[in-house]
Trainee: 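One structure, as C-alpha cells, below. Some questions next.
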Amino acid sequence: MPYDLRPVPFRGGGFAPKHLRFFGPATFLAVLAYWWIGTHLGWISPIAMPTPMEVARALIDMVQTGELWQHLGASLQRLLIGGAIGGISGVIVGFAIGLSSIARSTALPLVSALFPIPKIALLPLFIIWFGIGESSKYATIAFGVFSPMVIAAFGGVDGVDRNLIRMAQSFGIPTRDIIAKIVLPGALPALLSGVRIAASIGIILLTAAEMIGAQYGVGAMVLASGNLMQTDRLIAGVLILSALGLTVAFLIGCVEKTVLKWRG
Amino acid sequence: MDLIAEAIHHRYGDMTVLDSVSLTVKSGEIVAILGPSGCGKTTLLRLLGGLERPTSGRVSTSGDAPADSLNPLTYIFQDFALIPWRTVAENVRLPLEHHGMTSNERSRRVADALARVNLAEFANAYPRQLSGGMKQRVSIARALAVNPAIFLMDEPLSALDAQSRELLMDDLVRLWHETRFTAVYVTHNLAEAVRLGHRIVVLSRRPGRIRDVISIDVPLADRRDGHPELIAASARIWSLIRDEAANADRELADAL
C-alpha cells in the first residue's frame, strides 16, 4: 500500500432539484399565517387588505347568493367559446403552414406580424365591429389564442420525424392518412404545450375584456369591487382567477398523461 | 419481378452523386451494393424505389409482382422508422390499413409476419421497450406484411451491435430460404455484403460509379467464416475499395 493516499474528492451531483413533500402546503400556510396575523395586529392596513376571514366570508356569500356562478359561468363561456374558435383555427392554419409551401410563404409572415400585437388593443376595434356584447369578447380571446396555437402547431409539424414520413410514403400510404396517423400524433406534444401557453393568454385577455365592458364575469366583478373599495370581494375574485388557471393547467396535464402515455 | 436501372445519373445542385449506373436485379437474388460513405449508395436505393427522381436515366420493373403483394418495392430502413406511439402489432399493421381487406385478414397478416420474425409474444410492446435488433425485426415484419416483390434494404444492420447483427443476418438467410425474396442490400460493411450478396456491386467514391460486380456462387446457407471462396472474394473486394476508403478517411464529409 503506497503511503501518500489522497481520497479523490467528489465532484458530481450536478443540479437536481427534488420535489420535497409538505414544503408546498407549508409555504401557503406560512403566507396565510402572516396575512392573518398582520391584519389582526394592524401591521397591514385594513384599507389595503381585508382579513382572510373576510375574504372567506365574501366567497361564501357569493356562493350562497349564486353570484359566483353567474360571474364564473359568464367567464367560462367566454373562455371556452373564444378559446375554441381561436384554438381550432390556429391549429388548422398552423398545420397548413407546416405542410404547404404556399401557406408557409403567405400565412407565416402575417401571423408573425400579428403575434406581437397586445390583443387587448384590438378590443375597441372589435367593439366597433361586433358591438359591446359577447362577440367582441369572443373575438379578443380567439385572436389572442390564435397566434400561439399557430406557432405551436407548425413547430410541432416541423418537428415530426422526416424518416417516419418517408417510411409512410414508401409504403404508398395516402397523404390524408399520413397526416392523420403520423403528423397529427407526432405534433401532439407541441400542440399540448401550445394549449398551456394559449390558455394563460386566454385568461389574461378574458379578465381584461371583462374589465373594459361587461356586466357579469370575474373580471367585471373584480373591477366593480375595486371601484367600491370592497377589497374582500376583490381578493376573492383574484383567488377565483388563480383557481381557474390552476384548474385549466391541471386538466391539460391530465390530457397529456393519457395521450402521451407511449412516452413512458 | 426484376428491377432494372438504366444509365442513372443524379446530381444535387452542382454535385454529381451518381454517374451512369446501370444495374439489373433478377428475381430471387440478393444484390449487395457496397461502397464507402458518401458514395451515393443510399441515394441509389431511393432512386430504385421511387423515393427520388433521377436527374437522368430510368428505373423500371419487369414481370409481375405476386398477386397479393400490396407494395412491390418495400424499404427496410437503417433507423427502423417505427412509430413510437404505436405498439409492435400496430406498427406492422400500418401499411395494411389503407388497403381494403377484412380486419380478420389484416390481423392474420400481422400475426403471420410477427411469427416469421419470432416476435409474436411482443405484439403489444412499444418500440422503446425493444432492443435494436428486435426493432429491426419489427420493421422486417412490417415489410413482410405487405408481401413485397423486392426488398430495398438501406444499411439495415448498421445501427445494431455486433451480436444482434450476426443474429439478424442468420434471420435474413433463413427468411430468404423460406421465400427466395429479391433484395437490394445497401451496406458499407464488406462482411455483410459477402455473407448475404449473390452479387456484390462495388461503387466508387463520389461521384458513384460501378467499379466492379462480383458474383459469389456459394449458397447462402453454406457461407461460414473461413470458407475459401468467401475469403478470396473478400480479398478481391477489399483491394478494390481499400484505397478509396483510406482517401475518404482524409477528407471532410461535407467538403465540396
Side-chain angles (χ1 to χ4, degrees), chain A residues 91 94-95 98-102 104-105 149 152-196 251-264, chain B residues 42-43 45-52 65 69-88 90-100 124-130 135-136 138-148 150-156 159:
Chain A
V91 170
F95 265 68
L99 296 169
S100 124
S101 317
I102 294 177
R104 178 165 303 216
S105 318
M149 281 315 288
F154 103 80
V157 172
D158 274 2
V160 175
D161 190 349
R162 297 293 114 175
N163 290 331
L164 291 182
I165 292 172
R166 191 174 302 126
M167 177 276 294
Q169 288 178 331
S170 82
F171 278 103
I173 295 173
T175 304
R176 200 188 39 194
D177 287 23
I178 295 179
I179 292 173
K181 292 173 188 172
I182 291 173
V183 178
L184 186 62
L188 205 54
L191 284 181
L192 285 173
S193 55
V195 172
R196 270 181 199 279
L251 291 177
I252 297 168
C254 290
V255 173
E256 274 177 346
K257 268 199 199 105
T258 20
V259 180
L260 304 181
K261 224 183 342 197
W262 55 270
R263 294 209 283 198
Chain B
T42 294
T43 305
L45 197 71
R46 286 191 191 163
L47 296 170
L48 289 177
L51 284 184
E52 272 184 64
S69 173
L70 299 175
N71 191 47
L73 301 173
T74 295
Y75 283 89
I76 290 172
F77 298 95
Q78 180 179 355
D79 67 346
F80 326 126
L82 298 180
I83 296 177
W85 55 86
R86 284 184 168 229
T87 63
V88 165
E90 287 165 347
N91 264 291
V92 176
R93 201 179 62 202
L94 177 80
L96 305 176
E97 287 170 356
H98 66 286
H99 291 283
N124 296 315
Y126 283 92
R128 69 180 158 82
Q129 300 173 287
L130 307 180
K135 284 182 195 165
Q136 192 56 292
V138 175
S139 113
I140 292 170
R142 180 177 58 195
L144 291 171
V146 296
N147 194 21
I150 300 172
F151 287 88
L152 301 170
M153 306 193 191
D154 185 11
E155 305 215 18

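So that the names make sense, note that chain A is the first sequence line, chain B the second, and so on, each numbered from 1. Here the structure is a predicted model, which is why all the values come from computation and not from measurement.
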Trainee: Quickly, which of B:Ile83, B:Leu82, B:Leu94 forms a side-chain contact (heavy atoms from CB on, under 4.5 Å) with A:Leu164? Name it, please.
Mentor: B:Ile83

Trainee: Mark yes or no for whether B:Arg128, through its side chain, and A:Trp262, through its backbone, hold a donor-acceptor pair below 3.5 Å.
Mentor: yes

Trainee: Going from CZ on B:Arg86 to CD1 on A:Ile182, what distance comes out if it is rounded to the nearest 0.5 angstrom?
Mentor: 7.5 Å

Trainee: As an exercise, state the distance from OH of B:Tyr126 to NZ of A:Lys261, rounded to the nearest 0.5 Å.
Mentor: 7.0 Å

Trainee: Measuring heavy-atom distances to chain A, does B:Arg142 have an atom under 4.5 Å in its side chain, in its backbone, in both, or in neither?
Mentor: both

Trainee: Assess whether atom CZ of A:Arg162 is packed by more than 12 heavy atoms of other residues, nucleotides or ligands within 6.0 Å.
Mentor: yes

Trainee: side-chain contact (heavy atoms from CB on, under 4.5 Å) between B:Leu51 and A:Arg166: does it pass, once the steps are laid out?
Mentor: CA-CA 8 Å; B:Leu51 284 184; A:Arg166 191 174 302 126; 3.6 Å; yes

Trainee: Where does A:Asn163 contact chain B at under 4.5 Å (heavy atoms): side chain, backbone, both or neither?
Mentor: both

Trainee: Counting heavy-atom pairs closer than 4.5 Å to chain A, which one of B:Leu152, B:Asp79, B:Val146 comes out on top?
Mentor: B:Asp79

Trainee: What is the distance from atom CH2 of B:Trp85 to atom CG of A:Leu260, rounded to the nearest 0.5 Å?
Mentor: 10.5 Å

Trainee: If we only count heavy atoms from C-beta on, is the B:Phe77 to A:Met167 side-chain gap below 4.5 Å?
Mentor: yes

Trainee: Answer yes or no: is there a side-chain heavy-atom contact under 4.5 Å between B:Thr74 and A:Phe171?
Mentor: yes

Trainee: Side chain, backbone, both or neither: which part of B:Leu73 has a heavy atom under 4.5 Å from chain A?
Mentor: backbone

Trainee: Roughly how far, to the nearest 0.5 Å, is CD1 of A:Ile178 from NE2 of B:His98?
Mentor: 9.0 Å

Trainee: Can you check whether A:Ser170's main-chain N or O pairs, donor with acceptor, with B:Asn71's side chain at less than 3.5 Å?
Mentor: yes

